[in-house]
Amino acid sequence: MGSTDTRPKRLVVLVSGTGSNLQAILDACADTSLHAEVVAVVSNRADVFALQRADAAGVPAVHIGVHPDEERSDYDARLADVVAGFDPDLVVLAGWMRILTMSFLGWFPDRVVNLHPALPGELPGTGAIEQAWDEAVTGRRTTTGVMVHLVPDERVDGGPVLGTATVDIDVEAGFEQFVTLVHATEHRLLVDTLATLCSTDPTRNDRTEVSA
Ligand code: GRF
């Protein structure tokens, strides 16, 4: 991205839970380290803390629940309609826990960005943090990581990589400390990667690497 268009980029953030990554984005927009504004937060689940974070930041908080027996593509078409209404430059999947079909992705080519707590090609899907830990405890790995990537199609946690960060696993320090380190690394990588994508500085390159 990077362009002569100097207005702050419009972000619609899709969430399904606590929203700590959403909060990192909101804080970075507020302190202007991220040249963007969150114009809406959309959740497939009601009553999640992420929607309260949006409310507290004065950002429209939208719940779009799945109707009983609704086809995934029909839900995604409804979702795309609402998201398009906010005219986003980027759609950020920050803890969004549903696979999106082309009924959604087709509306936002090269504009959907996902965060995943594993390195490219590793531990796709849910439970990646727990799996990495279990493998470390049994001596099968010593590091893991996090990544930010584009979502061009229906692959799970796959697509052109925009940023990565490696996280060392210290089994002695315990699981809670490991989870805290992974989330802190996610917050930093997501904001840094978005800052590059939203930057008006053409010299800023497109691939972000941060260390844990
Ligand atoms: C993050 O670890 C994200 O990578 C994963 O779900 C978690 C969401 O955390 N997909 P939060 O809701 O942003 O705190």
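Atoms within a ligand are numbered from 1 in the order they appear, just like the ligands themselves. Position 1 is the first residue of the sequence, and the numbers go up from there. Hydrogens, waters and symmetry mates play no part in the numbers below; they use all other heavy atoms, side chains included.
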Exercise. D153: what forms a salt bridge (Lys or Arg N to Asp or Glu O under 4.0 Å) with it, not counting sequence neighbours?
Worked result: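 Result, salt bridge (Lys or Arg N to Asp or Glu O under 4.0 Å) vs D153: R155.
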Exercise. Tracing side-chain links under 4.5 Å among I, L, V, M, F, W and Y, which residues wind up in one group with F49?
Worked result: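 None; F49 is a cluster of one.
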For this session: Among Ile, Leu, Val, Met, Phe, Trp and Tyr joined by side-chain contacts under 4.5 Å, find the other residues sharing a cluster with V62 and list them by chain and number.
Result: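 Under the 4.5 Å side-chain rule, V62 groups with V12, L14, V39, V42, I64, V66, Y75, L79, V82, V83, F86, V91, L93, W96, L100, M102, F104, L105, W107, F108, V112, V151.
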Exercise. With a 4.5 Å heavy-atom cut-off, do H63 and L51 have their side chains touching?
Worked result: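 Yes, side chains in contact.
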Run through all N or O atoms in ligand 1 and write down each protein N or O closer than 3.5 Å, as a pair with its distance.
{"from": "ligand 1", "atom 1": "2 (O)", "to": "E186", "atom 2": "OE1", "distance (Å)": "2.9"}
{"from": "ligand 1", "atom 1": "2 (O)", "to": "E186", "atom 2": "OE2", "distance (Å)": "3.1"}
{"from": "ligand 1", "atom 1": "4 (O)", "to": "E186", "atom 2": "OE2", "distance (Å)": "2.4"}
{"from": "ligand 1", "atom 1": "12 (O)", "to": "T18", "atom 2": "N", "distance (Å)": "3.4"}
{"from": "ligand 1", "atom 1": "12 (O)", "to": "G19", "atom 2": "N", "distance (Å)": "2.8"}
{"from": "ligand 1", "atom 1": "13 (O)", "to": "S20", "atom 2": "N", "distance (Å)": "3.3"}
{"from": "ligand 1", "atom 1": "13 (O)", "to": "N21", "atom 2": "N", "distance (Å)": "3.0"}
{"from": "ligand 1", "atom 1": "13 (O)", "to": "N21", "atom 2": "ND2", "distance (Å)": "2.8"}
{"from": "ligand 1", "atom 1": "14 (O)", "to": "S20", "atom 2": "N", "distance (Å)": "2.9"}
{"from": "ligand 1", "atom 1": "14 (O)", "to": "S20", "atom 2": "OG", "distance (Å)": "2.6"}

For this session: Please lay out, stage by stage, how R141 and E122 fare under the test side chain to side chain contact (heavy atoms under 4.5 Å, CB included).
Result: CA-CA 12 Å; R141 72 170 49 237; E122 295 188 2; 3.3 Å; yes
For this session: Determine the interplanar angle of the F175 and F178 rings, folded into 0 to 90°, and report it as parallel if under 30°, tilted if 30 to 60°, perpendicular if over 60°.
Result: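 Ring orientation, 0 to 90° scale: tilted.
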